[in-house]
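For reference, the structure discussed in these notes is given below.
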There are 2 protein chains.
Amino acid sequence: MTSSKNDKNTRTTGRPTLNEVARLAGVSPITASRALRGISSVAIELAEKVRVAAADLNYVVNPAARALASAQSHSVVVLVPSLSNLLFIDTLEAIHAVLRPKGFEVLIGNFHYSRDEEENLLRNYMAYQPRGLLLTGFDRSESSRRMIETSNVPCVYMMELDAAEGLNCVGFSQLKAGETAARHLISRGRRRLAYIGAQLDQRTLLRGEGYRRALQEAGLYNPDLEVLTPRPSSVGLGGELFLQLLASHPQVDAIFFGNDDLAQGALLEAARTGIKIPEQIAVLGFNDLPSSEFMVPRLSSIRTPREAIGRRAAEQMLTLMAGNKVANPVQDMGFELMVRESS
Amino acid sequence: MTSSKNDKNTRTTGRPTLNEVARLAGVSPITASRALRGISSVAIELAEKVRVAAADLNYVVNPAARALASAQSHSVVVLVPSLSNLLFIDTLEAIHAVLRPKGFEVLIGNFHYSRDEEENLLRNYMAYQPRGLLLTGFDRSESSRRMIETSNVPCVYMMELDAAEGLNCVGFSQLKAGETAARHLISRGRRRLAYIGAQLDQRTLLRGEGYRRALQEAGLYNPDLEVLTPRPSSVGLGGELFLQLLASHPQVDAIFFGNDDLAQGALLEAARTGIKIPEQIAVLGFNDLPSSEFMVPRLSSIRTPREAIGRRAAEQMLTLMAGNKVANPVQDMGFELMVRESS
DNA sequence: GCACGCCAGGACAGCGCTACCTTAGTGACT
DNA sequence: AGTCACTAAGGTAGCGCTGTCCTGGCGTGC
């Protein structure tokens, strides 16, 4: 019953500590710490000794202790609006691929296209004292914005571009993408062009805006042919809206869809109901999902650099976290029009 | 230059601490800690006072300090083999939905169907002293297995069932699902049944095994009609394998696909090449992705309870983390045959 | 040859929280 | 009335690491 000093204290984790590594290497704990963090002021032989000792003991740092002592974590928070289509998965994977090898932990938050949910996630994750913030777009609540600003945590915005002073962003011009879509369809001789968008996030709206502008320029704009719904984008919804639009406006001869899944749904309903694509209606999608090129007919789409955006954003974040200024804070990763059979 | 005691120490986070909350509430720090953790031994009025003080100061716990002091984190690690199809997204979302409100942080690892990668992720994430492990299936490297066992971290296995002693698992019988698929196609009068599977993960193999058994039972098994490839499942691959199988075995009259995306690809190629589905060939998919019911023809599939598995697994995990035994460690969540036009 | 600056390495303290033990106060039972 | 169990609250110490001094030894320049 008498608890002696040698009792195994249950509060410890049982794993080797930096102290033990240091003892084994014959150096002080702080030197071991510096050696393992790759701080250059440690002699090469000493650092090597420490590394060997750490390997021997199978030592892994305790991230909690490190975070507490240094008042900063090694985690980076990524907030995306959705995981239900593959768009953001590619981006997330790329971010992981860049940050994980550098020892950063990636915390993913899905805010389901909801400003409130984003704000909540932000508030929650701020507790972890993240080293960086990777956010999607610029559309968010005022308090989210304030939280980001006052936190002083470096932040990179993905998917959209914004020339605002001091913002780091990696994306492409959604507006130009919409324009490109319109010009392509017009160049195919189409004159009664529609736009079908769902979700109504900032980017969908911007694409619609670009599309509209190009149509207005060409004198072809007809507000009746703009179908927008806040419902989440899906194959089923695409088919539904497609049939709906055709029922009310049978003269439509081209449709730009704000998302490939919508366009795929339209192609499927067209096949089901015998509507000829592209003869009767040209169809253009957006994002170029992997399955789009296998549709019947093969879906034309605008390919977006999702993987590249994630990679570049993560690289910018590394620069920022190292305390450096990013040379080129606004990175336009472009997009590519993939012309296939449907247009 | 003289640094007085009142200098803002840069090592602090600048955020309010539990001490300040306690002072404001007029209690000791430890009482504040207990109150905020909902430990019952704190008087209700005191707890309320603490809660008010915390809200006033906008206090959020420092997870690093908490993890360090208690030698355990609040994070749960989830390892999934893929994020590139929607399968695991539903499960992940459900897990999040259960664990986040309880204050747990969910760390997601994607091991891309690679045992080595899973082992690496496991090793890495173990450093965070996770409170729980949610893993996919039972197929993993010996060292992964050892790591899990020696870590003593509670673990729930998802997607498959296993009656092994002491394992907590939530899933459904992949074997029975394969059998159900075969019986359904046979009941449709088909006699030359093929199986097309990709990825060759344990679950795909088990489904194939169930399918094979049912065919053998019916005296219809033909090993030539089993197409297996380690390539990752995708719509494009499905179309490719479908055409390949038909070229070598034109007499096939039904195909069970190990995954809906494969089946979708087959339907699309069938449409492209004029093969009549289901007249010439009945097609059955697996997983019932949201888009499957909109295919032309509408794809029959086996609906898997992905969301329910995630939810239930997370609930089991909560029980385990609370230190309790799970009443029913093996949870069969079943599956549902969705008969549509393609079969 | 001496003062100076510089650098590798170490001592020390503390990050914010919670486990453990102790104490004061309450009621129940003999 | 006195003892005992029990509960609520606090004191103390320390989780494992790193920031901030500080020391001692070396090289450099006049």
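All chains are named by letter (A, B, ...) in the order of the sequence lines, taking the proteins before the strands, and each is independently numbered beginning at 1.
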- Query: For the side chain of B:Arg15 and the base of C:dG16, is some donor closer than 3.5 Å to an acceptor across the two?
  - Reply: no
- Sugar-phosphate only, base, or nothing, as touched by A:Arg37 at under 4.0 Å among non-hydrogen atoms: sugar-phosphate
- Query: Which of the following nucleotides, D:dG16, D:dT18, C:dA8, is nearest to the side chain of B:Leu68?
  - Reply: D:dG16
- Message: Please compare B:Arg34 and B:Val60 by the position of their nearest nucleotide in DNA chain C and report the one closer to 5'.
- Response: B:Val60
- Task: Could you check B:Arg66 against A:Ser41 and say which one's nearest nucleotide on DNA chain C is further toward the 5' end?
- Result: A:Ser41
- Item | Residue-phosphate contact under 4.0 Å: B:Ser28 side-chain N/O, D:dG10 OP1/OP2 | yes
- To the nearest Å, how far apart are B:Glu45 CD and D:dA9 C1'? 13 Å
- Query: Where the side chain of B:Asn62 is defined as all heavy atoms beyond and including C-beta, which of D:dA8, D:dG10, C:dC17 is the nearest nucleotide?
  - Reply: C:dC17
- Task: Apply side chain to side chain donor-acceptor pair (under 3.5 Å) to the pair A:Arg37 and A:Ser33, showing each step before the final yes or no.
- Result: CA-CA 6 Å; A:Arg37 278 182 293 159; A:Ser33 167; 3.0 Å; yes
- Message: Between B:Ala65 and B:Ile30, which residue's closest nucleotide on DNA chain D lies nearer the 5′ terminus?
- Response: B:Ile30
- Query: Would you call the rings of A:Phe111 and A:Tyr113 parallel, tilted or perpendicular if under 30° counts as parallel and over 60° as perpendicular?
  - Reply: perpendicular
- Between P of C:dC17 and CD of B:Gln72, the distance in whole Å: 16 Å
- Could you state the atom-to-atom distance from CD1 of A:Ile39 to C1' of C:dA8 in whole Å? 13 Å
- Task: Rounded to the nearest angstrom, tell me the gap between atom CG in B:Leu46 and atom P in D:dT7.
- Result: 17 Å
- Item | Trace of the side chain to side chain donor-acceptor pair (under 3.5 Å) decision for A:Glu118 with A:Ser144 | CA-CA 8 Å; A:Glu118 190 190 27; A:Ser144 296; 4.6 Å; no
- Query: How many Å lie between OH on A:Tyr128 and P on C:dC15, as a whole number?
  - Reply: 22 Å
- Task: Tell me whether the OP1 or OP2 atom of C:dG9 has a side-chain N or O from A:Thr31 closer than 4.0 Å.
- Result: no
- Item | Electrostatic pair A:Glu119:A:Arg123 at N-O distance under 4.0 angstrom | yes
- Message: In whole Å, I'd like the distance from the CG atom of B:Leu18 to the P atom of D:dG11.
- Response: 14 Å
- Message: So which atom in B:Val170 and which in B:Met333 form the shortest heavy-atom distance, rounded to 0.1 Å?
- Response: CG1-CG, 3.7 Å
- Return no unless some side-chain N or O of A:Ser33 is found under 4.0 Å from OP1 or OP2 of D:dT18. yes
- Message: Rounding to an integer number of Å, can you tell me how far B:Glu20 CD sits from C:dC17 C1'?
- Response: 13 Å
- Message: Without decimals, in angstroms, what is the distance between B:Leu36 CG and D:dA9 P?
- Response: 14 Å
